[in-house]
Amino acid sequence: MREKAHVREVGPRDGLQLVKTIMPSARKLAWCRGMVEAGINEIEVTSFVPPKVIPQFADAEEVASGAAAITGCRPSVLVPNLRGAERAFALDLAQVNYVLSASEEHNLANVRRSTEESLQDFARIVAARDQRAGARIALGAGIATAFGCTISGSVSEAQVVEIAVRLAEMGADEIIVADTVGYGDPGQVRRLMKAVIAAIGRVPVACHFHDTRGLGLANVTAALEAGVRAFDASLAGLGGCPFAPGATGNIDTEDTVFLLEQLGFDTGADIEALIALRGAVESWLPGERFSGAIARAGLPKTYRAPARVAV
Ligand code: COA
Ligand code: ZN
């Protein structure tokens with residue numbers, strides 16, 4: 001039995017934030033269906049932000065409920081505030097991911113409040129979740145700009161650890177440590193992720209890397225060494241925060257799966273199926289730049305596709 005590593009596809013959310021095309025809901029759902037067929041069930045499918053802030057997500061309700069209806073799919077959604085969380089809770093989704101930034105300046109640019117105000121908003125979101133009837137919704141809590149910020153520069157590691165502890169103590173079911181602008185390096189990732197894991201104990205941790213400066217997959221390796229077993233990634237390397245100057249794409253899903261499988265982890269994903277799906281997504285987004293080495297070069301002859309269990 002190989003050890004599991006989880007890859008969460010964030011393309012329909014992060015991946016679509018900077019693209020010029022508004023993708024029709026049916027295509028977003030075809031993307032989700034294709035991911036599940038390729039063996040990746042965890043998908044961040046949309047964002048509950050005001051449509052005037054990011055018009056791409058005007059169809060958030062339709063996409064989230066459509067994804068929840070796909071057999072085998074475990075959709076999550078991003079929310080920036082209590083109002084977004086209430087919209088998401090109304091749909092009884094499995095997981096809702098909140099986001100705040102360790103950098104005060106990025107938090108102000110992204111969600112128009114201080115980091116402390118965002119932390120207090122998370123407490124209200126947990127309370128709202130706990131007051132609901134019905135199945136318990138898991139709450140992820142993302143810490144953006146955890147490795148540095150294009151507005152303010154360096155971000156204190158101690159502050160990231162403190163925020164992670166506060167989010168965990170408030171009731172987060174998962175902490176997602178994000179390198180929003182690709183400032184992290186492997187040494188920093190190993191150090192910070194060890195510190196976060198040691199500080200928050202039982203709460204699972206995921207990493208969310210952007211490959212802006214080419215260190216995305218090196219950072220995955222460093223995070224694995226620190227004990228992280230869950231990673232966000234985006235098909236074709238799409239992605240980027242519209243409120244972080246200079247942001248570019250997430251680590252590429254196919255390449256991330258390839259790395260994890262080569263290192264002996266079981267991702268459950270079929271890389272050939274991911275490459276085929278990527279072709280469709282590329283054709284839906286004319287004029288965009290896509291990244292990813294495996295889609296360009298193909299799998300090596302030496303790659304042994306793991307036996308897959310049907311969903
Ligand atoms: N969904 C829908 N509508 C929302 C909303 C949400 N999540 N949050 C607020 N609104 C509405 C309010 O009801 C209000 O509507 P009204 O003008 O009709 O009364 C209006 O939007 C302004 O509300 P306010 O609370 O003042 O928000 P704001 O203007 O301070 O913006 C955020 C705060 C968080 C909503 C906004 O900055 C945002 O969406 N940021 C997300 C950025 C993002 O997605 N970044 C990329 C991912 S990291
Ligand atoms: Zn991101």
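First listed ligand is number 1; within each ligand, the first listed atom is number 1. Keep in mind that this is a model prediction, so the values were computed, not measured.
Heavy atoms from both the backbone and the side chain of N110 come within less than 4.0 Å of ligand 1. Contact annotation for H208 and ligand 1: no heavy atom of the residue comes within less than 4.0 Å of the ligand. Counting heavy atoms under 4.0 Å from ligand 1, residue D14 does not touch it at all. The proximity of V79 to ligand 1, defined as any non-hydrogen pair under 4.0 Å, does not occur for either the backbone or the side chain.
A side-chain donor-acceptor contact under 3.5 Å links Q159 to the backbone of A102.
Classification of E254 and R278 as a salt-bridged pair holds, one side-chain N sitting under 4.0 Å from a carboxylate O. The pair E116-R166 meets the salt-bridge criterion, with a side-chain N (NZ, NE, NH1 or NH2) lying under 4.0 Å from an Asp/Glu carboxylate O. Here K194 does not pair with E225 in a salt bridge; the nearest charged N to carboxylate O distance is not below 4.0 Å. The residues R213 and D185 are annotated as not salt-bridged, no charged nitrogen and carboxylate oxygen being separated by less than 4.0 angstrom. A salt bridge links D173 with R136: the closest approach of a Lys/Arg side-chain nitrogen to an acidic carboxylate oxygen falls below 4.0 angstrom.
Among protein heavy atoms, the minimum distance from atom 9 (C) of ligand 1 is reached at N81 ND2, 3.6 Å. What sits closest to atom 29 (O) of ligand 1 on the protein, heavy atoms only, is R112 NE, 3.1 Å.
Ordered by chain and number, D14 OD2, H208 NE2, H210 NE2 make up the set of protein N, O or S atoms under 2.8 Å of the Zn ion (ligand 2).
Distances from atom 48 (S) of ligand 1 to the protein include at least one heavy-atom value under 4.0 Å. Protein heavy atoms all stay at least 4.0 Å away from atom 15 (O) of ligand 1.
Side-chain contact annotation: D14 with S234, donor-acceptor N/O pair under 3.5 Å absent.
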Ignoring hydrogens and angles, write down the donor-acceptor pairs under 3.5 Å from the side chains of residues 284-294, residues two or more places apart or on other chains.
from	atom 1	to	atom 2	distance (Å)
E288	OE2	K20	N	2.7
E288	OE2	K20	NZ	3.4

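Not a single heavy atom of T180 sits under 4.0 Å from any atom of ligand 1.
Placement of I197 and V220 within a single hydrophobic cluster is found when ILVMFWY residues are connected by side-chain heavy-atom separations under 4.5 Å, directly or transitively.
The distance between the ring centers of Y183 and F147 does not fall below 6.0 angstrom.
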